[in-house]
Amino acid sequence: MKLSARLVAVAAVLATAACAPQTSTTSSSDKDEKTGTLRVWLFQEVNNKPKEQAVDSVLDAFEKAHEGTEVTIEYIPVETRAQRIKAAFNDPASAPDLIEYGNTDTAGYVKDGGLADVSKEFAAWDEAEQTDPTARQSVTVDGKVYGAPYFVGVRALYYRTDVFDELGLDVPRTQAELISTAKEIRAAEPGMYGIAVGGAYTYGAMPFIWAHGGELATGKSGSYASAIDSAAARKGIEAYTSLFGDDNCPAAKCAGMGGNDTVTAFASGKAAMAIGGDFSHAAVEAGKVKGNYAVVPLPGVEPGSIAPAFAGGNNLGVLKSTSHRTLAVDLMKRLASKKAQSELFDAMGFLPTFSDVRRQVAAKEPFVKPFVETLAADTKFVPASPAWAQIDSSLVLPTMFQEIVSGKKDVATASGDAAKKMNEAFGSLG
């Protein structure tokens with residue numbers, strides 16, 4: 001089987017997406033064909049060739065196991081995934097059978113009626129028991145499972161070993177020490193950010209909120225209420241926003257920065273610290289700081305503690321409209337298996353969702369250790385609500401941070417306004 005046979009023309013799918021109806025008519029297919037062509041959409045990476053090779057090894061074994069079956073793969077841009085996948089939900093005749101999707105999209109896709117409930121198959125899968133709890137949570141809505149975790153990603157603290165050595169600094173063990181150390185560096189090196197932070201870096205800010213005992217929201221699927229304005233959450237917001245200013249990262253420059261901007265600032269030598277992911281490693285290695293940095297878990301409030309991190313990553317899901325359900329579920333499990341996730345790590349550096357596999361890869365690659373420690377300590381996830389997509393796309397939290405660091409609103413007012421916006425979304429979408 002040739003790779004070219006698996007790659008579907010992008011133009012054809014774009015045309016399908018452009019003319020798809022906007023009202024969802026997704027329904028379960030009454031067919032379960034055991035042969036034919038299985039269509040799969042996976043995300044396209046910056047350097048996609050290694051991912052293709054890792055995926056192809058799975059497809060070779062799958063096609064050998066299912067005579068008369070062929071798999072076609074299309075690698076779709078992450079930036080246009082929302083439109084493409086929603087269009088697929090609306091047009092089952094041209095939709096794929098299996099998709100890769102961001103783990104924060106689960107609840108929204110379930111509400112749209114696009115993903116198949118695979119609870120029984122997931123429960124019967126012998127490897128499923130060893131999927132870590134947060135990854136399992138990311139495929140679960142109202143107690144039902146709608147996919148398999150594909151990989152996870154978390155953030156930790158990158159710091160410049162040369163700068164710390166030169167200034168005689170110790171690695172921060174608490175968030176208070178992190179803040180004071182950042183400002184000490186800025187005072188000694190006025191042309192450098194002590195730690196690069198961003199007003200639009202939601203996932204870099206969340207660990208500060210969680211470490212102080214705060215939550216984004218309380219409740220359960222279908223009934224959430226914002227908690228961003230609670231006393232504990234406000235303490236975390238205050239801690240994070242205290243890093244914006246001339247004594248660390250000037251608001252005029254940093255208020256609009258996102259996660260990629262902060263990693264870029266660190267990699268280019270403009271910052272002594274940054275909160276970056278395991279997925280940021282390649283970018284940092286390609287920067288000016290190569291050989292002069294290290295990574296440790298982001299500290300919590302108490303000495304030696306680790307701040308809870310957002311468990312990002314992607315999942316694999318079978319579309320409800322598939323006419324090849326059994327085949328699609330089998331391929332989903334093969335792609336999300338321990339063996340395949342280990343190979344995907346080797347190819348792309350994506351962290352496996354299985355704790356035992358993570359320990360194995362950490363033994364092979366030392367840079368993984370602080371991220372594995374972070375995952376083992378505690379991770380958090382966003383509310384499993386379709387409203388989260390609206391809250392996220394509406395920039396509710398970045399707006400809150402930016403209002404605070406610009407001086408337009410105090411923490412209480414800004415967090416209160418953000419809570420109202422979140423509750424409006426929860427009230428309309430669950």
Side-chain angles (χ1 to χ4, degrees), residues 82 101-115 117 132-147 154-155 175 199-241 300-301 307-313 315 378-405 408-430:
Y101 65 91
N103 64 7
T104 59
D105 294 329
T106 307
Y109 290 168
V110 170
K111 182 178 184 293
D112 290 340
L115 295 177
D117 176 359
D132 74 51
T134 307
R136 185 191 297 262
Q137 180 187 351
S138 77
V139 294
T140 305
V141 178
D142 291 334
K144 297 179 180 179
V145 177
Y146 291 91
V154 291
R155 293 163 177 82
Q175 288 190 357
Y201 192 9
T202 304
Y203 296 120
M206 285 178 179
F208 288 80
I209 295 171
W210 289 325
H212 283 80
E215 297 288 348
L216 302 178
T218 57
K220 59 183 179 180
S221 185
S223 180
Y224 279 102
S226 176
I228 199 66
D229 59 343
S230 70
R234 287 176 180 173
K235 287 182 180 178
I237 295 169
E238 289 171 356
Y240 185 68
T241 55
V301 173
F310 167 69
N315 300 329
D378 191 14
T379 53
K380 296 277 191 175
F381 196 60
V382 298
S385 165
W388 180 256
Q390 179 178 316
I391 292 167
D392 196 30
S393 63
S394 299
L395 305 178
V396 173
L397 296 184
T399 298
M400 175 189 72
F401 292 126
Q402 290 164 354
E403 288 172 340
I404 294 168
V405 302
K408 292 181 180 179
K409 296 179 182 178
D410 59 24
V411 171
T413 303
S415 63
D417 290 345
K420 290 177 184 177
K421 293 176 184 177
M422 291 176 69
N423 284 329
E424 288 173 1
F426 288 135
S428 62
L429 294 172

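Both backbone and side-chain heavy atoms feed into the values below; hydrogens, waters and symmetry mates do not.
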Nearest 0.5 angstrom please: I209 CD1 to R234 CZ, how far? 12.0 Å
Residue set satisfying side-chain contact (heavy atoms from CB on, under 4.5 Å) with T104, at least two apart, ordered chain then number -> Y203, F310, F381, V382, W388
Just jot down the side-chain contact (heavy atoms from CB on, under 4.5 Å) partners of A232, sequence neighbours excluded, or say none. S230
What's the shortest heavy-atom distance between A200 and P398, and which atoms? CA-CB, 4.0 Å
Can you list the steps and then say if K421 with M400 is a side-chain contact (heavy atoms from CB on, under 4.5 Å)? CA-CA 11 Å; K421 293 176 184 177; M400 175 189 72; over 6 Å; no
Of all the heavy-atom pairs spanning P383 and L216, show the shortest one and how long it is. CD-CD1, 4.2 Å
What residues, two or more places apart in sequence or in another chain, satisfy side chain to side chain donor-acceptor pair (under 3.5 Å) together with T379? T134
Test your reading of the model: is there a side-chain donor-acceptor pair from T106 to the backbone of S138, 3.5 Å cut-off? yes
In terms of heavy-atom contacts, Y109 and A82 come closest through OH-CA, 4.3 Å
Nearest heavy-atom neighbours spanning A107 and P386: CB-N, 3.5 Å
Taking ring-ring contact (aromatic ring centres under 6.0 Å, His included) as the test, write out the residues that go with Y201, two or more places apart. none
For S226, what residues pass the side chain to side chain donor-acceptor pair (under 3.5 Å) criterion, not counting sequence neighbours? none
Side chain to side chain donor-acceptor pair (under 3.5 Å) partners of T413, counting only residues at least two apart: D410
Can you name the closest pair of heavy atoms from A387 and A425 and give their distance? CB-O, 3.5 Å
Begin from the C-alpha positions of N103 and V139 and carry the test side-chain contact (heavy atoms from CB on, under 4.5 Å) through to its verdict. CA-CA 7 Å; N103 64 7; V139 294; over 6 Å; no
Looking at V154 and A311, what are the two nearest heavy atoms and their distance? CG1-CA, 4.2 Å
Counting only N and O atoms by type, is there a donor-acceptor contact under 3.5 Å from the side chain of T140 to the main-chain atoms of R136? yes
Taking only residues two or more places apart in sequence, or in another chain, which ones meet D229 in a salt bridge (Lys or Arg N to Asp or Glu O under 4.0 Å)? none
Rounded distance [0.5 Å steps], CD in Q137 versus CG in D132: 10.0 Å
Rounded at 0.5 Å granularity, tell me how far CD in Q402 sits from NZ in K408. 9.0 Å
Between side-chain atoms of residues 389-397 and protein atoms elsewhere (two or more places apart, or another chain), which donor-acceptor pairs fall under 3.5 Å?
{"unit_1": "S393", "atom_1": "OG", "unit_2": "A389", "atom_2": "O", "d": "2.9"}
{"unit_1": "S393", "atom_1": "OG", "unit_2": "Q390", "atom_2": "O", "d": "3.2"}
{"unit_1": "S394", "atom_1": "OG", "unit_2": "Q390", "atom_2": "O", "d": "2.7"}

Just jot down the salt bridge (Lys or Arg N to Asp or Glu O under 4.0 Å) partners of K380, sequence neighbours excluded, or say none. E215
Show your working on side-chain contact (heavy atoms from CB on, under 4.5 Å) between D417 and T399 and close with a plain yes or no. CA-CA 10 Å; D417 290 345; T399 298; over 6 Å; no
Mind checking the NE2-CD spacing from H212 to E238? Nearest 0.5 Å is all I need. 8.5 Å
Identify, with sequence neighbours excluded, every residue that meets side-chain contact (heavy atoms from CB on, under 4.5 Å) alongside K144. D117, S119, Y146
Name all residues meeting the side-chain contact (heavy atoms from CB on, under 4.5 Å) criterion together with A205; count only those two or more places apart in sequence or in a different chain, and write none if there are none. Y240, F401
Side chain to side chain donor-acceptor pair (under 3.5 Å) against D378, all qualifying residues, sequence neighbours excluded: none
